[in-house]
Amino acid sequence: MKKKKKNPKYIGALLALILCSFVGYGQRIEKDIFDDLIFKEGQYKAKLEKDIFDAFIFTDSNNNKIEFSNSYLAKKIGDKYNDYDVKSLFFQDLVLDYRHIGGYEASYKIDILGTLTITDNQGKTIKSKEDIFGNRKIETTNKKISSSIQKNLSGDLEYSSGKQWAKLKKNTGGTYSYTDSNKTTIEMQPVVWEQFMNRYKSEYTIFNFLLEDFLLNKH
């Protein structure tokens, strides 16, 4: 297996590309007569509508359908998730995530005990819950293969699934390092980490982004 090393310039360039696309997409969002949000670009169309339970439903011309319960929305983006600016930014995220994917369906819900459950049409279930110390444990089941993300005693985030593993660690001086079983090594300077936090809001979401890009989608 080839060794992969990514430096902060690579990560910075990748984030800059995402942010440029993010701004451009925002300029193409409109509201229809029902106050639902519409995005159109070429042959691609997407819509974010609200149902009678205050949940959001994202659909697009690629036959994707993603549902978000009101409890999930309030937890993820705050009680003002219905405000136009907040809703528009959320919609932009979805367009970026799903415009190159087809036929995907998923639902995001939080129950009264605070457990987040994500299910999709590919047989994947994710359950996420915080313990009394505020540490989050994430368990994933995908076609009978289980994986987990949790913090160790040093406060580092760790992923494990069979022989695959990954770690996100905060170093002295404010840098962060990501390593995984694919021999990927990434070190992020504080300015790069700050950009990631502005974009993804939490270290768990950043860790998931890195996992998807450097471990789970690599062979």
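When a residue number appears, it is its place in the shown sequence, counting from 1. Just so it is clear, the model here is predicted, and its values are computed rather than measured.
Partners of K31 under the salt bridge (charged side-chain N to carboxylate O under 4.0 Å, His left out) rule, at least two apart in sequence or in another chain, are D35. Listed by chain and number, the residues in a side-chain hydrogen bond (donor to acceptor under 3.5 Å, both in side chains) with T205 are S202 (sequence neighbours excluded). By the side-chain hydrogen bond (donor to acceptor under 3.5 Å, both in side chains) test, K137 pairs with E139, sequence neighbours left out. Taking the side-chain contact (heavy atoms from CB on, under 4.5 Å) definition, one finds that K170 meets it with Y176, sequence neighbours left out. Not a single salt bridge (charged side-chain N to carboxylate O under 4.0 Å, His left out) links K87 to another residue, sequence neighbours left out. For the side-chain hydrogen bond (donor to acceptor under 3.5 Å, both in side chains) test, no residue two or more places apart in sequence or in another chain qualifies with E49. Partners of D180 according to the side-chain contact (heavy atoms from CB on, under 4.5 Å) rule, which considers only residues two or more places apart in sequence or in another chain, are A166, Y178, N182, T184, F214, L215. Evaluation of the salt bridge (charged side-chain N to carboxylate O under 4.0 Å, His left out) rule for E130 yields R136 as partners, not counting sequence neighbours. In terms of the salt bridge (charged side-chain N to carboxylate O under 4.0 Å, His left out) criterion, D83 has no residue partners (sequence neighbours excluded). The side-chain hydrogen bond (donor to acceptor under 3.5 Å, both in side chains) search around K127 returns T117, not counting sequence neighbours.
Alongside F53, the hydrophobic cluster contains I52 (criterion: ILVMFWY side chains under 4.5 Å). Clustering of Ile, Leu, Val, Met, Phe, Trp and Tyr side chains at separations under 4.5 Å leaves I57 isolated, with no partner residue.
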